[in-house]
Each structure stands twice: as structure tokens, then as C-alpha cells.
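Remarks on the structure that follows.
Lettering follows sequence order; numbering is per chain, from 1.
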6 protein chains.
Amino acid sequence: MKCIVAEERIDYDGSQIGSLWAYTKFGVQDDSIVCFRGRCNIPISHMIDLEDRIHGERIESPDMIHFIVEHFDMPSLRLAYTRQRLLACIAGEALKDMGFIVSRSGDDLFFKGQKLSISIASTGAASSKIHFGINVECEDYMSLNKMGLKDPDGLMRQIGERYAAEVEDIEEDMRKSRPLEVFR
Amino acid sequence: MKCIVAEERIDYDGSQIGSLWAYTKFGVQDDSIVCFRGRCNIPISHMIDLEDRIHGERIESPDMIHFIVEHFDMPSLRLAYTRQRLLACIAGEALKDMGFIVSRSGDDLFFKGQKLSISIASTGAASSKIHFGINVECEDYMSLNKMGLKDPDGLMRQIGERYAAEVEDIEEDMRKSRPLEVFR
Amino acid sequence: MKCIVAEERIDYDGSQIGSLWAYTKFGVQDDSIVCFRGRCNIPISHMIDLEDRIHGERIESPDMIHFIVEHFDMPSLRLAYTRQRLLACIAGEALKDMGFIVSRSGDDLFFKGQKLSISIASTGAASSKIHFGINVECEDYMSLNKMGLKDPDGLMRQIGERYAAEVEDIEEDMRKSRPLEVFR
Amino acid sequence: MKCIVAEERIDYDGSQIGSLWAYTKFGVQDDSIVCFRGRCNIPISHMIDLEDRIHGERIESPDMIHFIVEHFDMPSLRLAYTRQRLLACIAGEALKDMGFIVSRSGDDLFFKGQKLSISIASTGAASSKIHFGINVECEDYMSLNKMGLKDPDGLMRQIGERYAAEVEDIEEDMRKSRPLEVFR
Amino acid sequence: MKCIVAEERIDYDGSQIGSLWAYTKFGVQDDSIVCFRGRCNIPISHMIDLEDRIHGERIESPDMIHFIVEHFDMPSLRLAYTRQRLLACIAGEALKDMGFIVSRSGDDLFFKGQKLSISIASTGAASSKIHFGINVECEDYMSLNKMGLKDPDGLMRQIGERYAAEVEDIEEDMRKSRPLEVFR
Amino acid sequence: MKCIVAEERIDYDGSQIGSLWAYTKFGVQDDSIVCFRGRCNIPISHMIDLEDRIHGERIESPDMIHFIVEHFDMPSLRLAYTRQRLLACIAGEALKDMGFIVSRSGDDLFFKGQKLSISIASTGAASSKIHFGINVECEDYMSLNKMGLKDPDGLMRQIGERYAAEVEDIEEDMRKSRPLEVFR
């Protein structure tokens, strides 16, 4: 699992959720979490979440920190969404360690009752992906700026590195447990 | 996903990690999280974690809150351990909402740098399981008593219900996302 | 597993076999069988069955009862087709209980040697689907009208409810069986 | 998929549900349905169905026709039970074609409201298996003798051959269907 | 597993890697390896290998022997690529038996240090596929003509038949091995 | 994927094929190939291959090079046996590069028509494993000594390192291929 922190700004327009984006952009041939900062503006045609498409919801922010996760190990939608929840928890823990206690509901983070993040997960035949974004600036919702967090880039790096470490740690734990028996 | 809160004390001796324990004990024919309170004392022969077996580690407590999770949807060790991490996060969030800020490292919770919990996950051909336990009393490690938490049964119920709700929520999210495309 | 009986007529044109149709049409976020009545007219471009596409077969009826099944649990083509056969059997059983003895060959039902139904199954990365349709009226093939069955809507509801109950029942049976041993 | 009709009587004692029984007994290295006739007497220790074990149910008959199915393609409990239901349907269809209209509920066949059959399915790491048995003689339950069916061996062969043909047919249908699209 | 040796020349343009090509071209409803001879010229839009697309690599030859493998048993990219390596090994063994010692690196064959072959594997929701091609004539790379091999059609048939036999042999071996135990 | 070359002699008695042997012996928490040299003597009770058990075949050699492969990524018997074949090919290629042309049939290597190796693969709920052994000395069968190969330890290391590199290479190739389309 590679954690890549992009050096340049990348505006998120939904195309980054496509399979193999990390390979075509960074040449990475490993499971990866790519962290970058940029605008968020997703045209309807790129929306993965049909709920948003149906309601014509605008997802917009002039500045967010973004995470694009891609796993090739098992193209399972169930595992993809379980990992998405874990990523949301990890983001909450990183914020807590910087002094900001947020709450989580499903894949959303909230601060003082206001929504701070957006997320989606999906799978294709070859890989599964997660997008998770946290507002740095945002007029209508909560943002890191409103919270008074000074170092969004530091937070971004923390979250990316912790998620990659967590996945590695899980892979190690898988390799020391006996299969189950039935006691009866 | 059923959340079952046992009415009686149950001492955890490692047999509860076996496949189908919830069925033989409670007759439940659903994925489940069973919550109970009792002693913890695991004989070597029941240890799933080979690391503990090799090091002959004693896992003991006179009083813990226990969670036994069983999923039949996919017997994947990778998903089992990802769910275990999510359960540890949920436990941390429930503690936070009761006013106790703990930290998490992998499947362990810590308070003031001292370990508060134990956990293991595994899989068989038919189902996968997680055991997660939090010390209510413990001489050598951190415990809810030492932290001053007055209502371990309330915490136990919170964690069980939140995990079950989280799994249901994931199942719903899986059913509204388009499969991935490749943009290129 | 939800059984949804549509209140309005829906003409089947092959688009209903697409992933997530039940979600976009009915907002359902569960595995589902949707039952509806309407015309059947599938343009070549929507045909899933390549045999039909190659032979340019017209699939047409002015009035059918239709079933659209979607499962998100395992995107397996093998399971999808096994479930399709089971659905065909269940349709035959429901007809038998209304006094009509039909015969089944693969995914087709026959009455007095004439074909009464059409069906297809397929899978995508996120879900698998089945379409099963029974002629209410049909010039060239057998139909419920020709058979003298008076209540196609009642039959439709029977089949949908029985399939949903069967799937629930299977899920329960999965949760009471010990894994296999090797006796030798 | 091989259909094997045993030439000798074999008494079913539950050991035949073990993985690889068909290989050790008949040398078959294919998915298989083995059909045989014999007594049924299952000691508690061989019971796969925990419901029966818990209730100490005796499963006994002096003469049954038995089917042992083993599939190596996918060790999925969900597929195993779906196939079990299909086998029960096929048994019902074969009886119908010999003039006996039975009803089915889950994995059980009934004639005049009395239970005629027993069944179990399970999976191991390498293969999944089904046992299905129909009483030829039985004091307490329905039997083919009581129904007046004269040729249990002919029925046995019919069911075995039809199941094997059905599985082959499913495998062929899997190889002519386009994957799903999302129309929206 | 069917081995089909095409009687006519077929020019490879990348469309043959699409799912179900063997069915639409030859009507085969089994896992298959199709062997044919013809030109190789793949437009960018048909390229599966993103590395080639990114580098705009031209893959061209006026005459190759081609193999198109399609498996429907498990849509796993990992298994597809493992099978691709095995096919490359088998091609090397067939060449060795005709007196030509080649070396293999990943999915490529080399003779006297020059590349002799091209290959790609991929998976969709319903099946996984491999293309493997060996130059009969080629200006820029090694070819069977340059090596002095007189009978490319014989080699083609050998490789196709050996691959199909190998897969059958693997399926048989799968059906005689006990599942693993844990000795400790 | 770790390649571990044991420093001490290890006699193979079949217990090494058990799940998690590499972890309990070497503490490795990764997929691994462990290479070691030692006697081979497998008691009937440890035999995985039922063919050998049935025929009571003695598998014995005073000196072999052994390979124990364990993968945790997918507990699939099909993938395990495909990897076993690939390992046999790699062993043949390493021998060829040391000047010895062997032939392969399934999982067996032959030199001058005499069998040189033994192998088995299997899977459990948590991992799949391969044992592959090549005779260094052997009275009844071919051996590296009889062939005149001077450096069995060098060969052993070559095979182990090549297998590990091959698996890594496959993992990388999986991460640059577009999923399949259907062209029609």
C-alpha cells in the first residue's frame, strides 16, 4: 500500500474515481491512497452516487483535501464500503490528535453539527475505489478554516499515512490467526 | 444484523469464538453481535492468535464487556480484520460520547497510554468472527473502573447497537453506487 | 430481500435489467424482486442474451407479468443462473397451486408443449440480475389467457412473495450448518 | 458434472457428507451427484445441521434413495443452499412426471401434508456438499411405498441425471450473456 | 476447456480480447483457448495495457500465431495473470520440444535476447481473458521465421492443446486434495 | 512475498504443509516461499493427496530441496494449483539455466524419463499452500546427484527467488490493465 502526496494542486471533478487513475497519473502499480488538495466540482455525468444524481445535488467547494484510495486485492463492494468507514474514522482520529473533536455518522464527519466531508465508494471488475474529501473552505457547510485548523496539508498527510499503515497492519494480522473451529 | 444483549453473565473462555456459537446459544439465524459481561480466561488450546500462543501470554480479567461478532456473508479474513478495526473505532467513539477520549492503535484501545482492550478475528469455511473485549476491572492494565466510567452495561449496549447499525448502513450504501468506469 | 409489486403498468424494454434500476425507480436499498405487468419489446441494443442478438430474435408480447430480481451479495454469474432456475421452479409451483401443471426445461416454462415464458440472467461488478417474464397474452406462444388462468396479478404476487421468502429461508439455513469435515 | 448411480446398497450414516467421499469411494475427479439406496441412520457426531443436534432429532429410515452432491467450483454456502433448493425442485418435477404431485417447502418435499424427504447442505474450504434423501420405507413419515410408487430406482436415476444436466445447462448459459450495464 | 484451432486466418485487432468473442465467433459455450494465425495491428482504443497506451507503443506484425483464452469460472485478475504466465511457460516448453530453447521473463518469450511474443490479460464481470501472440514474421523483433522454425501451425496447435490439457489436469488435481489443517 | 532460505536442515514430514507453519517457524507475516534442505518422510496421517493415501504410497528421500509456499490473498484451490504448475515451470527453467533440460508433466519434473520431484497443493479457510520437493539423493527415482548437478543449494535459492519475483511481477501487471469490454 503506497501513500502518495501530490505536490501540485489537483481539482477533483469525479474522473479521479475511475479505475487505474493512480496508475495513469503517478505510474503506481500498488494499492494506493493518493492525497491532494484542490477544488471540488463534480458534473452529473461523473457522479457515482445515484442518490446525488437523482436529487441533482451540487457538490462544490473551492478548496478541499482529497483522498483517492484504490485496492486491487478483492473487487468487493462490501469491503470497499467497510474500508470507507474506517477511513472516515481515521480522519476523525487525526483531527482529534490535532485538538478537534468531530463526530462521525456513516461516511460523514461533522463539527458542531455541520457536515465537513463528502465520500463515495464503488467497485469495478478489476479494482475498488474510495473518494473522501474534507472542506478546507466552504460557504454552505463546515470547513477546516471555520474550525480554525491551521495546517490542512499536515492533516492530509497524517490521514493518508495512517490509512496506508492501517491496511498494512491488517494484512499482517491476517497472517497470524488460526482458522475457526466449531466447539460442539 | 442482530444485536443481542445477553441477560446473564457469560465467562469468556475462547469457545465463544467458534463458528455458530450465537446459534447454539441464542438460536439466532442472522449475522449478529452478541454483547455480554463476564470474566475472561482463555486456555492456550482455545487461542486463535498464534502470537499469544507462542509467547504463552495470559489473557485474564475478572470482569470485561465482551462482543462476539459473526458474519456469514463472505468468509474473508481481510474483511473480518477490516471490520474488527471498525468495531474498535466504534468503541472509541462510544467512549468519547460518554466523555472519555481514548486512542486506538490497530485493534487496541488505550487510555493514558495503558491498554484497555483485547481483540482477535478469524474465519472458517462458513463464517467469520470477531471477539472484542474491554476491561471493566483489571489489575495489570487499564480498565473502565480505573477510568471512572460508571455504566459499563450502557457502554456495552451502545457499542453493540452502533456496530449493528453501521453494518446495516453499509449494506444500504452498497445498493446505490454505480460500478466504476475507466476514464481514458 | 424486498418484494415490490408495482402499482402501475411498466413496459419492459430491456433497460430494467440494468444495475440499480430498482433503486432509481423505487428507491429500494435492499436485494429485491420487483413484479410488474406490461408489454415486452426489447430492442437489439438492450439484449443481454447474445444468442438472441445473433439470431435477431424478436421477443415481443402485448401483456406479460415481469419479475426483475437484483442481488448485491455476490456478483457471481453461476449463482445468478442457479437462482434463475429456482425462480422458474417457483413460478411452476405457483401455477401448480392454481391448478395448472406446467413443465420446465432450464429457464423456460411450457404448457401443452408450448413456451410460456422468457428469461435472462447476468452480472455486473456490483450486482447480479434476473429478468423472468410470463406471457399473459401472446399470439405466437402459450399465454396465461390461452390457459384460462383468470388472475395473472394474483399469480404475479404469489411468485414474487415466494421467491423473496425462499431467499430469506436460504439465508437462515446457511446460519445453522457446521462446516464440512473430511472423514478419512 | 458426473452422475454416478451406485450398483450396491450404501447405508447413509452421515460420513458420506464429508469432503471427497465420492473420490475415495468411486475415484471420481469431477463435480458429482452420487445416487444410492440404503438405510439412513445418522449418529449425533456426524450431524451437520445444528438444529437437529440441539433437539437430538433421530433421522432414521430402513430404506431411502440418497443423493450426495459435491461441487468444487466455489466453496460458497449461499450457492450450496441455492443448489439444494433446486435439487428439491427437480425431485418434485421427476415425481410429477411419474404422476405424483408433491409440494415443496424449502428443502423438504411433502405428499398429502406429510414429510417425504430430508436434506442438508454445507461447505468446507475445498468443496461444498448436499445430501438429499427420500424415504422409500418409513414408519413415521411419508414414503414412496405409501404413495404407491413402484420404481424408486428409476426415480433415483431420473433425479440424478436431471440435476447433472441442469448444472451443465447453467454452465452453458453463463457463457452467452453480456455483463450488465447501468442505464442512466 | 475447449481448444479451437481456427481454419481461416484472423487478423488480431484487439477486439478479440472482448468478453464472449469465442461465443459470437465460434458458438462455443465452454472455457476455451482459440488458436489462429494472422496479422497483428491494435488501435490505441482497443489497448488493454495502459502502459502501452500511455507510451503510444505500436504493436504490429504481418504474421503471428495467436491464442485467445477465456475462463468463466472465476473473474479474478490474479488468476488471469497467473494463468497467463503458465501459458507463456507452456509455449516455451512446446518450443523446447521442437528444439528451440527460449527464455521467459514474466509474460514475454525471448530467443537470443530478442523479444518473440506479446501478451495481455484482463477481466470483466463475467469472464477473464488472455491474449498471447508469437511473431511468425516481424521486422523489428525476433520471429519464428528468423529462428528457422518450419511449422508454426504445428506449434500453434501444440500450445493450444497443451494449455487446455493443463487446465483439465488442474481441475482434476483440485478434486483429490484434503483441505489444510493447522498443526499446532 | 518473502523468500526465506532456511539456514538449518529441516526434515519434511508433512507437518510443514499446515497453515501458518512459516509464521510459527520464522515469524513471517507475509505471503512466503520457504526453501530448505532435508530428508522427506511423510506419515500417512499427514498426507494431503488422497490418491497417495489410498494407494499407501511411500514418499521418501534421504535428501531433497523443499519449497513451502503460503498465500493468504485468496483461499482458492484453483489458484493454488495454477501457482503450483507455475512453480514447477520455474524449477524447470532454473534447471535449464544451469544446463539441465528437464521435462514437465503437470506438477512433476522428469529427467531422462525418470521422476525427479514431488508436489501437492491445498487450501484452508485462511490460506493456501504448496509443497514442492526435488530429490537431491534418491535410490528409486531420478535425483540431482544422478544428474550431476553440483550445487543444489544454489538451485534451491534460484527457484525460491524466481518464484517470489514472479508473484510480485504478477501483482504489478494486475495494476495496469483495463477491465474487459464487450465489442458487439
Side-chain angles (χ1 to χ4, degrees), chain A residues 14-21 24 46-51 53 73-86 88-90 92-93 96-97 101 103-107 120-129 166-167 169-171 173-184, chain B residues 14-21 24 46-51 53 73-86 88-90 92-93 96-97 101 103-107 120-129 166-167 169-171 173-184:
Chain A
S15 67
Q16 293 85 355
I17 199 72
S19 282
L20 293 164
W21 174 74
T24 55
H46 280 183
M47 279 187 192
I48 288 288
D49 188 328
L50 290 183
E51 195 173 7
R53 289 181 85 159
D73 46 14
M74 276 175 66
S76 153
L77 204 45
R78 184 167 284 125
L79 180 55
Y81 270 102
T82 307
R83 282 169 162 163
Q84 180 211 40
R85 297 313 206 251
L86 188 55
C89 290
I90 287 170
E93 292 171 345
K96 184 198 67 187
D97 291 350
I101 304 294
S103 59
R104 180 185 67 86
S105 173
D107 59 358
I120 189 66
S122 186
T123 192
S127 67
S128 55
K129 296 202 61 171
E166 187 87 52
V167 170
D169 199 47
I170 287 170
E171 293 293 311
D173 278 8
M174 282 169 55
R175 286 157 169 92
K176 62 166 194 177
S177 303
R178 283 197 314 164
L180 295 177
E181 289 164 59
V182 188
F183 297 103
R184 197 195 155 77
Chain B
S15 67
Q16 294 83 358
I17 197 74
S19 282
L20 294 163
W21 174 75
T24 56
H46 281 184
M47 279 187 192
I48 289 288
D49 187 328
L50 291 183
E51 194 172 8
R53 291 182 85 159
D73 46 14
M74 275 175 68
S76 153
L77 203 46
R78 184 167 283 127
L79 179 56
Y81 270 103
T82 307
R83 282 168 162 162
Q84 180 210 41
R85 297 312 205 252
L86 187 56
C89 291
I90 287 169
E93 291 170 345
K96 184 198 67 187
D97 291 350
I101 304 293
S103 59
R104 180 185 66 87
S105 173
D107 59 358
I120 189 65
S122 186
T123 193
S127 68
S128 54
K129 295 203 60 170
E166 186 89 50
V167 170
D169 199 48
I170 287 170
E171 292 294 311
D173 278 7
M174 282 169 55
R175 288 157 168 91
K176 62 166 195 177
S177 303
R178 283 195 316 162
L180 295 178
E181 290 164 58
V182 187
F183 296 104
R184 199 196 154 74

- Should the pair R104(A)-E166(B) be classified as a salt bridge under the 4.0 Å nitrogen-to-oxygen rule?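 A salt bridge links R104(A) with E166(B).
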
- For R83(B), all residues meeting salt bridge (Lys or Arg N to Asp or Glu O under 4.0 Å), sequence neighbours excluded: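 So R83(B) forms a salt bridge (Lys or Arg N to Asp or Glu O under 4.0 Å) with D73(B).
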
- Item | Side chain / backbone / both / neither for A126(A) at chain B, heavy atoms under 4.5 Å |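 For A126(A), no heavy atom lies under 4.5 Å from chain B.
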
- Part of I120(A) within contact of chain B (heavy atom distance under 4.5 Å):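 It is the side chain, since no backbone atom gets that close.
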
- Say whether, by atom type as modelled, one donor and one acceptor occur between the side chain of Y81(A) and the main chain of A121(A) under 3.5 angstrom.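 Indeed, once roles are kept as given, a pair shorter than 3.5 Å links the two residues.
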
Checking heavy atoms, do the side chain of [X], its backbone, both or neither come under 4.5 Å from chain A?
{"X": "A125(B)", "result": "neither"}
{"X": "L77(B)", "result": "both"}
{"X": "D97(B)", "result": "neither"}
{"X": "S105(B)", "result": "neither"}

- Message: Run E93(A) and I90(A) through side-chain contact (heavy atoms from CB on, under 4.5 Å) and show every step you take.
- Response: CA-CA 5 Å; E93(A) 292 171 345; I90(A) 287 170; 4.2 Å; yes

- What pairs with T123(A) under side chain to side chain donor-acceptor pair (under 3.5 Å), at least two apart in sequence or on another chain?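 Partners of T123(A) under the side chain to side chain donor-acceptor pair (under 3.5 Å) test: none.
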
- Among G124(A), S177(A), G92(A), which has the most heavy-atom pairs under 4.5 Å with chain B?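 So the answer, after comparing G124(A), S177(A), G92(A), is S177(A).
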
